[in-house]
Amino acid sequence: MTESLDSERMACWRAYIESSQRLFTQLEDDLRADSELSFADYHVLVLLSEAPGQRRRMGELAGRLVFSPSRLTYQITTMQKRGLVARQSCAEDGRGSEAVLTAAGLLALREAAPHHLRSVRTHLMDDLDDAEVACLTRVFERLGRRLRAGRDASATPSE
């Protein structure tokens, strides 16, 4: 019984990973075609647009994006050359550096967002077969149950 459950779980995760990789590639291609932004560009711009003063410390940005510091430095340098972001020393204490969203970066983000959302909807609806949908549904249901259980366990009972 446990062996078949483990093999089913592995099959679900394999389907999830393969379909996620395929979707990511298609979304990346669509985003570049519509707005000349990569997925990484888009996410950097989104995180900067949500930050107070539209600036974030490089370390915080790397952590939120799960980028290595060297990968983020390369990403920011590339976006700097295109005028989408600037890099400045930290305003608060002058230590370290911050990525700052420029007006051109904000405009690029605003133009890319509708294309990106449409592309996500299109690929999620059209490019998954029934087996992938079933696997993803099971994976997300399990994840939801774990998150709810964790939240319920950490909640303190009201008096």
Side-chain angles (χ1 to χ4, degrees), residues 8-88 90-91 97-152 154:
E8 180 195 1
R9 186 175 296 145
M10 287 303 295
C12 277
W13 281 108
R14 193 174 303 112
Y16 170 73
I17 290 166
E18 289 170 359
S19 57
S20 296
Q21 288 172 335
R22 191 176 75 245
L23 285 171
F24 179 83
T25 301
Q26 291 167 336
L27 293 172
E28 174 88 18
D29 292 346
D30 286 356
L31 192 59
R32 279 192 192 276
D34 287 335
S35 65
E36 298 180 4
L37 293 178
S38 70
F39 230 44
D41 293 340
Y42 183 80
H43 287 290
V44 167
L45 294 176
V46 166
L47 286 173
L48 288 175
S49 73
E50 293 171 347
Q54 298 178 338
R55 60 178 58 231
R56 281 197 197 273
R57 286 182 180 267
M58 295 289 283
E60 181 189 0
L61 195 54
R64 287 177 176 252
L65 291 164
V66 197
F67 280 0
S68 67
S70 61
R71 171 75 175 107
L72 179 62
T73 299
Y74 173 79
Q75 185 75 34
I76 294 295
T77 301
T78 302
M79 293 175 72
Q80 254 183 304
K81 290 176 184 172
R82 295 169 52 207
L84 303 176
V85 297
R87 201 155 88 193
Q88 300 174 353
C90 291
S97 60
E98 294 177 317
V100 181
L101 184 65
T102 64
L106 186 58
L107 181 61
L109 177 61
R110 286 185 180 146
E111 289 176 352
H115 299 293
H116 177 56
L117 292 175
R118 186 179 65 243
S119 179
V120 168
R121 283 193 206 105
T122 299
H123 290 302
L124 286 177
M125 292 171 63
D126 295 343
D127 292 332
L128 294 178
D129 63 30
D130 292 341
E132 289 172 329
V133 170
C135 279
L136 290 173
T137 301
R138 287 196 302 271
V139 167
F140 287 121
E141 284 173 351
R142 287 178 187 158
L143 180 60
R145 283 194 299 272
R146 283 187 195 153
L147 292 173
R148 281 190 298 278
R151 185 185 65 222
D152 293 345
S154 67

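Note that this is a predicted model, so its numbers are computed, not measured.
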**Item:** For Thr102 against Gly83, the heavy-atom pair lying closest together
**Value:** OG1-O, 2.6 Å
**Complete:** Output for pair (Leu23 CG, Glu18 CD), nearest 0.5 Å, gives 12.0 Å
**Fill in**
In short, Phe67 meets Ala40 closest at the heavy-atom pair CZ-CB, 3.7 Å
**Message:** Parallel, tilted or perpendicular, judged at 30° and 60°: which one describes the rings of Phe39 and His116?
**Reply:** perpendicular
**Item:** Considering all heavy atoms, the nearest Ser49-Val46 contact
**Value:** OG-O, 2.7 Å
**Prompt:** When you look at CD of Glu50, are more than 12 heavy atoms from neighbouring residues, nucleotides or ligands closer to it than 6.0 Å?
**Reply:** yes
**Complete:** When Arg57, Arg55, Gln88 are each screened for side chain to side chain donor-acceptor pair (under 3.5 Å) with Glu98, the one that passes is Arg55
**Message:** Between Asp41 (side chain only) and Ser38 (backbone N and O only), is there a donor and an acceptor less than 3.5 Å apart?
**Reply:** yes
**Message:** Would you say that more than 12 heavy atoms from the other residues, nucleotides or ligands in this model lie under 6.0 Å from the CZ of Arg118, or not?
**Reply:** yes
**Residue Tyr74 excluded, over 12 heavy atoms near OH under 6.0 Å** = no
**Asked** Is it true that a side-chain atom of Ser97 and a backbone atom of Arg87 form a donor plus acceptor pair closer than 3.5 Å?
**Response** no
**Asked** Does the pair Arg56 and Leu48 meet the rule for a side-chain contact (heavy atoms from CB on, under 4.5 Å), with working shown?
**Response** CA-CA 6 Å; Arg56 281 197 197 273; Leu48 288 175; 4.1 Å; yes
**Prompt:** Tell me, do Leu84 and Leu37 make a side-chain contact under 4.5 Å, heavy atoms counted?
**Reply:** yes
**Request:** Before accepting this row, confirm whether a basic side-chain N of the pair Arg32/Glu28 lies closer than 4.0 Å to the acidic partner's carboxylate O.
**Result:** yes
**Message:** Please check: side-chain N/O of Arg64 versus main-chain N/O of Leu47, any donor-acceptor pairing under 3.5 Å?
**Reply:** no
**Request:** Taking the side chain as every heavy atom from C-beta outward, state whether Ile76 and Leu61 have any pair of such atoms under 4.5 Å apart.
**Result:** yes
**Message:** Within this structure, what is the OG1-NZ distance for the pair Thr77 and Lys81, rounded to the nearest 0.5 Å?
**Reply:** 7.0 Å
